[in-house]
Amino acid sequence: MCNTGINKIRLLVIHVVIMLVLTTPALGQNKNNQIELTAINTGFNLSNASALETQQVKTNAFQITATSKSSNNFRIFAKVSSSTSSTATPLPASMLAVRLNSVSPTVTANFNTVILSTSDQTLQTLNTTNTPITFNYDLLAGPIGYSYAPGTYNLTMLFTMTQP
Amino acid sequence: MAQYSFNGTINSAISIQSVMEFTITNNASPAITFTSAQYGSGYTISNFNSFNIKSNQLWKLGVSSATPNFSASGTYASANMPASVIGVVKSGQSSYIQLSSTDQVLATGNRGNTSVSGNSFNMDLKATPGYNYGPGIYNLSIVYTLTVQ
């Protein structure tokens, strides 16, 4: 009798521990918050003097869909996490900038141009809406100028959504 | 308090093509009327042309004549006056390039726009016909070619 009672208690403790282990990640990252990125038109081909001398804009170049079901505000940051090139010299992160073109559903958002760097720049600070918010962003490049040799330059933009 | 963070990436590929462009400004009349002394000593026009070059590659500017000889008109004109009667030099330098229909390097420079040192410059022209060619009207087209070094 005594052993059976102890075993039941042990089993219950194990169950409780297992439940805690399974539910801890789901509380924040997978269940309540999500950021989804969609690249639509993020490439540039600079083939003449005008293209090198003026800032190039890809309208609605990419989409960020943020979902936050928690009760807190959330923020979205962006930075250039990698810059490589087929030449000896990669482009600096500041060659890229992003600008919100539209947002759905309508919320109060930041439509200013944000020049990227290698450290996080705040794109948006919003209240949680419990529904997905889709941000359509323009991507701006340059002016590149004549200092960079012909070649292909790849920049990776890292977008981070945080919630306190 | 712990902060939840979620992220993702988007790549942007920027393809930069070879871009080279230049402008020429004529600073003086290309029509030359020689005095008797100038047939032998030559007629010099300083800063005859100005060049402004923009390039994202190391560049060289070549100069040549469109034809080996001048086109000639007039009763006494000679059909064989060669392009080498014309010499050109980047202003500030001393060795004239005698023109021919073969491209010769007038100047070289670095990648950059017109504000980069050496990408904007002038060219002097000197015509020395001598006494071997008859009176007449002579025309020659000068060709400038910008290429990668």
(request) Can you tell which part of B:Ser55 gets under 4.5 Å to a heavy atom of chain A, answering side chain, backbone, both or neither? (result) backbone
What is the distance from atom [atom1] of [X] to atom [atom2] of [Y], rounded to the nearest 0.5 Å?
| X | Y | atom1 | atom2 | value |
| --- | --- | --- | --- | --- |
| A:Leu155 | B:Thr9 | CG | OG1 | 12.5 Å |
| A:Phe44 | B:Ile16 | CZ | CD1 | 11.5 Å |
| A:Phe62 | B:Ser12 | CZ | OG | 9.5 Å |
| A:Tyr146 | B:Asn56 | OH | CG | 8.0 Å |
| A:Thr38 | B:Ile10 | OG1 | CD1 | 7.0 Å |
| A:Ile76 | B:Phe6 | CD1 | CZ | 11.5 Å |

Does any heavy atom of chain B fall under 4.5 Å from the side chain of [X], the backbone, both, or neither of them?
| X | answer |
| --- | --- |
| A:Asn45 | both |
| A:Ser47 | both |
| A:Ala141 | side chain |

(message) Going by salt bridge (Lys or Arg N to Asp or Glu O under 4.0 Å), name the pairs with one or both residues in residues 41-59 of chain A, residues two or more places apart or in two chains.
(response) A:Glu53-B:Lys54
(request) Could you walk me through whether A:Phe159 and B:Asn7 pass side chain to side chain contact (heavy atoms under 4.5 Å, CB included), step by step? (result) CA-CA 5 Å; A:Phe159 296 88; B:Asn7 58 41; 6.0 Å; no
Shared hydrophobic cluster for [X] and [Y] (ILVMFWY, side-chain gaps under 4.5 Å):
| X | Y | answer |
| --- | --- | --- |
| B:Tyr39 | B:Leu125 | yes |
| B:Tyr131 | B:Ile137 | no |
| B:Ile32 | B:Val88 | yes |
| A:Leu100 | A:Val107 | yes |
| A:Phe77 | A:Leu140 | no |

(request) Using a cut-off of 6.0 Å, state whether more than 12 heavy atoms not belonging to A:Ile115 lie near its atom CD1. (result) no
(message) Are B:Gln17 and A:Leu46 packed together at the side-chain level, in the sense that at least one heavy-atom pair is separated by less than 4.5 angstrom?
(response) no
(request) Report the residues that fulfil side chain to side chain donor-acceptor pair (under 3.5 Å) with A:Thr54, sequence neighbours left out, ordered by chain and then residue number. (result) A:Gln56
(request) Would you please go through residues 79-99 of chain A and name the residues with a non-hydrogen atom below 4.5 Å from one of chain B, in numerical order? (result) A:Leu91, A:Leu96
(request) Please report the shortest heavy-atom distance between A:Pro150 and B:Ser18, naming the atom on each side. (result) CG-CA, 3.7 Å
(request) Using a cut-off of under 4.5 Å on heavy-atom pairs, state which of A:Ile35, A:Leu158, A:Ile64, A:Thr152 scores highest against chain B. (result) A:Leu158
(message) Treating A:Thr42 as the side-chain partner and B:Asn11 as the backbone partner, does any N or O pair qualify as donor plus acceptor under 3.5 Å?
(response) yes
(message) Sub-4.5 Å heavy-atom contacts with chain A: which residues of residues 43-52 of chain B show up?
(response) none
